[in-house]
Structures are given as structure tokens and as C-alpha cells.
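Report on one structure; see the data block that follows.
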Amino acid sequence: MLYLFSPRRLSIGNFMQLKKGFDQNPNNIDNIINKLNQQIQSLKNVLLASEDQIAIYDQKHRFLYANKAFEMITGVSTEKLIGKTSAQIKLPNVFKIGRKLTRVLKTGRQFTGELKYKKHIFEYVLTPILNSNSSSSIILGTFRDLTKRVQVEKEFKYAKTQMEVILKNLADGIVVFNTKGDIVYFNDSVWKIIFLHSSEDFLKMKNIRNIIKYLAKDLDATSEQSKPISINDSPTLRVLRGEFEPQAIFQIFSSKENEKRYISIKSRPVIEDEGNFNLIVSIIEDITQQKELEERKDEFINVLSHELKTPLTSIKAFAQILERKFRSSSDLHAQRLLSQINFQVDHFSKLVNQLLDTTQLYSNNLTLYKNAFKFNDLVKETVSEISKIDTCHNYIVNYRADVNIVADRNRIGQVLTNILSNAARYSPQNAKVLIKISAKDNSLVVSIKDFGIGIPQYEQNKIFDRFYQIRKTIYHHDPHLGLGLYISSQIIKSHGGIIKIKSQESKGSVFYFTLPIQ
Amino acid sequence: MKNKIFIFDDDEAILEAAKIILEDKGYQVKTFFNFDDIFDQIDLHRPQLIFVDLWMPKINGEDIIKNLRQKYNKDILSIIVLSANRDTSKIAKNCGADDYLNKPFDISDLEKIVDKYINKHINRQFIA
């Protein structure tokens, strides 16, 4: 479309200027006529090249001019039009706009209208061109085909409505904030999830800070660990502090409705071209059902492991009682079998404990009982315990440091036992297992090196996942769940430490973990 | 006079095993698979030490221990939580028990804990 020549801005200012010059200096008339002709020619060129349909009418509605585009659309050639009114020629009826022309001539004001022709929609503008005595002499008519634009607008409107319907009916709540934290957009699910009764109630809060205040005060919102929430827990505000996709899970309670809900809130900046953002999108999800199912599952595993341990308790006790009785009768065979029962029961109950630990870790419920203790004492105990059970590996400890740490002694012992028994599990008989205790930058560093089958590169980052088992070992056949390293890594992480592995296939592995020294 | 020990657990096999182990060590042992008449029984037999399982029918072991603790102080009665819970140590601390023993237990650990608390009472009697 041609915008160079906007009909709305057209005036005969140029002509008036020329006329003024002509009046003042009649001697220069040739020059002026020349200039006038140039102007008219360039004007004609512009009109001719225009994609818009252009027609010029005189005071009696006769065509003074029509461009190529007008000719094309109406199917009437310019020659037939000039000097005639639309009533005098075979012009499509919709282009017969005599009444509008009369109005423009009468009022001297521009008129804008719309007309439809052959499935096309035209916007037309009739502009009066004024005489020096301010009465209209001619009218410029421009017709612009809007079909495409209307179509695009229609599609856009449809898509927009569609989008709005989807957002409105989405079970998840969506709120968009600006970088001040003010609400820019939200759907109905948002206010419904947080126990409000209308969108007005939500809009009244205006800013994320007020929403958090409402959650904390009116709905006693707590974190998953049952701690009261503060402004800093808001994922939206965390985005403003530079996080990319922070998430929070809150527990809320409405005393009015006597209902408890778990909500998950995830926020994300809407990144624009240059990496900046002006908006933050937050998605609020009611995860109560999911949480309740998880709780039921955890409760089930809790009961299951408790019930499994009950018969184990008496089996172990009876086996030990018998073992003692046979010790005095010097029946070595029976003694050995009974101690096997004892050993297997211990193994079984360890597996049950692992299952329970995993459940607790997964629901973030692992409670740590921290106390100060000498780390090397724990290493000595653990190594001596494991050497008693596993006599076919050679455990060598290198104490390069001797520090006290504040940690859950049982849990850290569990980590040591896990890594050491893994080292044994994947090493040939009589192989060495080297343990080194050192200290660096306020951290205790423990490394456990074996000379076993090693772990291929592509598996190394998966071994700390839940239920991940590195292929069947060729050296041992004791069953395990693939939970040991997952639990170990979670225990170390919850103590603020780091756990890592370095390994080379068929050469062996080194596990490292660190613990902070207070 | 033999030292008396009570064991409360709803699993009869555990009661039987514990009874065998502790009677072998020369203690007088009475076992119960619920908390009915617990106060009457304690008042009647005056045990120095009792083992209490947490998951019991009708009444929760934790609540019973809290009630027992109000009536009998640690000088009169030692209470040990005996449980397959993962958080036994925390629960024991919260409800005012003297100590805890996780299930399944090693019989030497059972003996050790009994010796420790019975000795405490013997020493106290001796001083008195």
C-alpha cells in the first residue's frame, strides 16, 4: 500500500502557494506554469502508481480523474468515466456514492465510509479540496482494499479469543506480573485455587507482595517443611533476584472452608530478544491430590517396612539364641548356619531401611540428628565392622587429617558403609580399597578408591539417581536395590557437602565426598 | 530379690524371644501384648525397667510413655522404647523415655541396655 500520499493530509496547499506567486509576479508566468505542470505530472504519477483506488470528482459529481487501480476494480475504463457522473455510466452500484459526495460538498468536511464489493471490503475517504474562498471545488476519493487486513484482524481476534478461552478454562492458575510485581494478567483458576471468591478480590491485591501477605496471614501458608512462608519464598520475586525458573510448594488452609490445599508455584521471566524481560509468568497448580497420594504411598511404605521388621526381629533373636546354645554344644556347622540367618536378617532389614529412607528423602522428610564427633573414630568403627563381614578385601585408611565435625553420625556412617560395600561389590577378591581422610578449606574430604571394574563415562552422572544400578556385578551376588548411592548423595547434600565420582572402566573408581568443618 | 522387667509389644514372638534372652540373664520378666491395666500392673509388681513398643493396639506407645513419665520419674522406672520406626531416637526423646532400642536388635544390645539401666537402679538402692 502507498503511504507516501495520504489522502487525509491532502490539501491544495501547493497549488495555493503557486497561485500566490502567480498573482504577485505575473511576469514570471511561464516559469510558474512550467512548475505547475511539473507538479501536476508528479502528482499524476503518484496517483497512477497507487495501489489504492483513486478518483477525483467535481462539484457536480462528475469524474475528473480515476487511476488505474480504480479502473481495474470497477471494470470501467477511465475514458468512459471522465466527465460523467456515476449515474450516467455502468458503474457497480456500491461505487455510486452521490449522496456522500453531496454531504462532503455541503459540509466541507472529510467523510470516511466502508463498502463491500465482490467479497472485498473497501474503506474510502472523501476529501474536499477547498477553494481560496473556502468552498469545496473538487473531491478526492480514495478507496483502500481492506480485505486482507480484515481477514488478518479476524484471525487474530479468533486466535485471541481461543487463547483467552483456553487460559480461562485452564485448571492451572496463570498470573502475569510486571517487574514491579504488579498483576498484569490472570485467569480465574488463580483466585479459585487460593480460596478467593471473585476476580475483583484478586485484582484488589494489585501486587505480588500483597498476594504473599494474603497467603501467609489469611491462609497460614507454610513451606513443605511446615515453616511459615515469607516474602522471600515467592518464586515471582526470586525471578527478580535472578533465578530462572524457581518453584515453591506451599501448604495453605482456609479456616472458612475448613480445607487444606497444597499449591505449587512456578515462575519464569518472559525473555525478550535482548535477554531482558518485562514480564514474569507464574503458574499456580493445585497439587493437593498428588500430595495426598504421595502421603498415602509414604504411609504405606512406612507401615510396610515396620511390618516387615517385626517378624525379622524375632527371627534374628531366635537365631541368635540358638547360635549361643550351639556354641556350647560345639556344633560348628549349626553355628555357622545360624550366623548366616543372622547375617541375612541384617541384610534384609538394611534393605527395608533403605526403602524407607528413600521415601523420606523423596518427600524431603529426612531428619538429621546432628552432634559433634571425631570423624576418624567413625571411620575406624565402620572399617572394622565391614572388615568383619567382608574378609576378602583389604581396607587401608590414610588419615591425613583429624577433625571434629557436626553431623548426623549414624547417617554419615551409613554413607561410609554404602560406598565401602560398593567398592567391595565391584572389586575382585583380595583387592585393596584405599580410604583417605584429609581437610581443605574448611571442608573434610574423604576419598574411597577401589581397583574394580569401574564405571563407564556415560553412566557416571546417573549413579546417584534413585533405583539406578550399574549392571550386574561379576564378583558378588548379594541383591541390592540401587538406592545406596542415591541415599548417600542425599545425605551428603543435606549436610551441605558435595559427592563426586571419578572412574575409569576396568581400572577402578574413586568416590569423593566433603563435609563442612564448623 | 530378682530385678523385674516388663515388656509391652503386640508381637508375641518378640515377647517370647525377649523373655528367653532376659530370663537367661537372671531377670524376672513379664510380657504384655497390650496396655490394659498397665498402671495397676506396674504398681503391683514395681518393675525397674520396662520396654514399650510404639505401635500398639488402642493406645499409642508414645502417649502411654508420656503418661507413665508423669507418674513415675526416672529414678523409679526406666522406660526404653522398642520399635521398628526409623525415628525411634527422636520419639524416645520427645516422650520422655530413657533410651531406645531399634528392631531388629542384636541380643547383645538388648542385654547391654538392660544391664545399663538395671545397674543404675541397683546402685541407687545400694546408696539408699
Side-chain angles (χ1 to χ4, degrees), chain A residues 298-299 301-325 327-328 338-339 341-361 363 365-371 385 388-389 408-411 414 487 491, chain B residues 5 7-27 29 31-34 51-57 60-62 80-95 97 99-114:
Chain A
D298 289 353
E299 182 57 24
I301 292 181
N302 207 5
V303 173
L304 176 77
S305 52
H306 187 275
E307 291 311 298
L308 285 173
K309 281 191 208 166
T310 302
L312 284 183
T313 308
S314 47
I315 294 171
K316 187 177 164 78
F318 288 134
Q320 285 189 317
I321 293 165
L322 284 177
E323 196 187 345
R324 277 187 183 178
K325 289 215 185 318
R327 205 176 291 163
S328 46
L338 287 163
S339 81
I341 295 178
N342 197 17
F343 176 75
Q344 293 301 338
V345 167
D346 284 347
H347 185 68
F348 194 121
S349 81
K350 220 177 273 168
L351 292 180
V352 172
N353 279 339
Q354 280 196 351
L355 195 64
L356 195 60
D357 284 350
T358 311
T359 316
Q360 291 185 340
L361 283 169
S363 51
N365 278 334
L366 187 79
T367 355
L368 296 176
Y369 303 104
K370 288 191 183 179
N371 278 309
E385 279 283 314
K388 260 189 241 161
I389 304 162
D408 187 322
R409 200 177 195 274
N410 286 334
R411 291 293 182 186
Q414 199 182 342
I487 294 170
I491 291 171
Chain B
I5 299 167
I7 306 167
F8 295 86
D9 199 305
D10 63 340
D11 188 89
E12 296 202 36
I14 291 174
L15 291 176
E16 193 186 341
K19 195 174 158 84
I20 294 169
I21 297 158
L22 296 179
E23 280 181 348
D24 268 4
K25 293 285 279 184
Y27 298 111
V29 181
T31 60
F32 306 85
F33 50 84
N34 60 41
F51 284 94
V52 179
D53 183 17
L54 292 176
W55 290 12
M56 290 283 278
N60 184 315
E62 210 178 329
I80 316 286
V81 174
L82 178 65
S83 172
N85 267 22
R86 202 73 170 101
D87 286 332
T88 308
S89 64
K90 187 179 151 198
I91 297 166
K93 214 178 198 177
N94 283 348
C95 64
D99 216 328
Y100 68 93
L101 185 64
N102 277 319
K103 289 181 193 171
F105 52 82
D106 219 276
I107 59 175
S108 60
D109 289 333
L110 174 67
E111 290 165 348
K112 262 185 228 158
I113 209 164
V114 167

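In the text below, chain A, chain B and the rest are named by the order of the sequence lines, each starting its count at 1.
- Shortest non-hydrogen contact noted between A:K309 and B:P104 is CD-CD, 4.1 Å.
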Next on the checklist: Please determine whether side-chain contact (heavy atoms from CB on, under 4.5 Å) holds for the pair A:E307 and B:W55, giving the CA-CA distance in whole Å, both sets of side-chain angles, and the decisive distance to 0.1 Å.
Outcome noted: CA-CA 10 Å; A:E307 291 311 298; B:W55 290 12; 4.2 Å; yes
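- Residue contact with chain A, scored on non-hydrogen atoms closer than 4.5 Å, involves the backbone and the side chain of B:D106 alike.
- Once rounded to the nearest 0.5 Å, the distance linking NE2 of A:H306 with CG of B:L54 reads 7.0 Å.
- Scanning both residues, B:K103 and A:T313, for their nearest heavy atoms gives CB-OG1, 3.3 Å.
- Of the residues considered (A:N353, A:N342, A:T310), A:N353 shows the highest number of contacts with chain B, using heavy-atom pairs under 4.5 Å.
- In this structure A:S339 satisfies the side chain to side chain donor-acceptor pair (under 3.5 Å) test with no other residue, sequence neighbours excluded.
- Counting heavy atoms of neighbouring residues, nucleotides and ligands inside a 6.0 Å radius, atom NZ of B:K93 does not exceed 12 of them.
- Annotation: B:Y100, atom OH; neighbour count of heavy atoms from other residues, nucleotides and ligands within 6.0 Å does not exceed 12.
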Which donor-acceptor pairs under 3.5 Å do the side chains of residues 11-23 of chain B make with protein atoms, sequence neighbours left out?
from	atom 1	to	atom 2	distance (Å)
B:D11	OD2	B:A13	N	3.2
B:D11	OD2	B:I14	N	3.0
B:K19	NZ	B:E23	OE2	3.3
B:K19	NZ	B:V29	O	3.2

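- Heavy-atom distances place both the backbone and the side chain of A:I321 under 4.5 Å from chain B.
- Only the side chain of A:S349 comes within contact range of chain B, with at least one heavy atom under 4.5 Å from a heavy atom of that chain.
- Residue with the most contacts toward chain B among A:L308, A:V303, A:V345: A:V303 (heavy-atom pairs, distance under 4.5 Å).
- Rounding to the nearest 0.5 angstrom, the gap separating the CZ atom in A:R324 from the CG atom in B:D24 is 8.0 Å.
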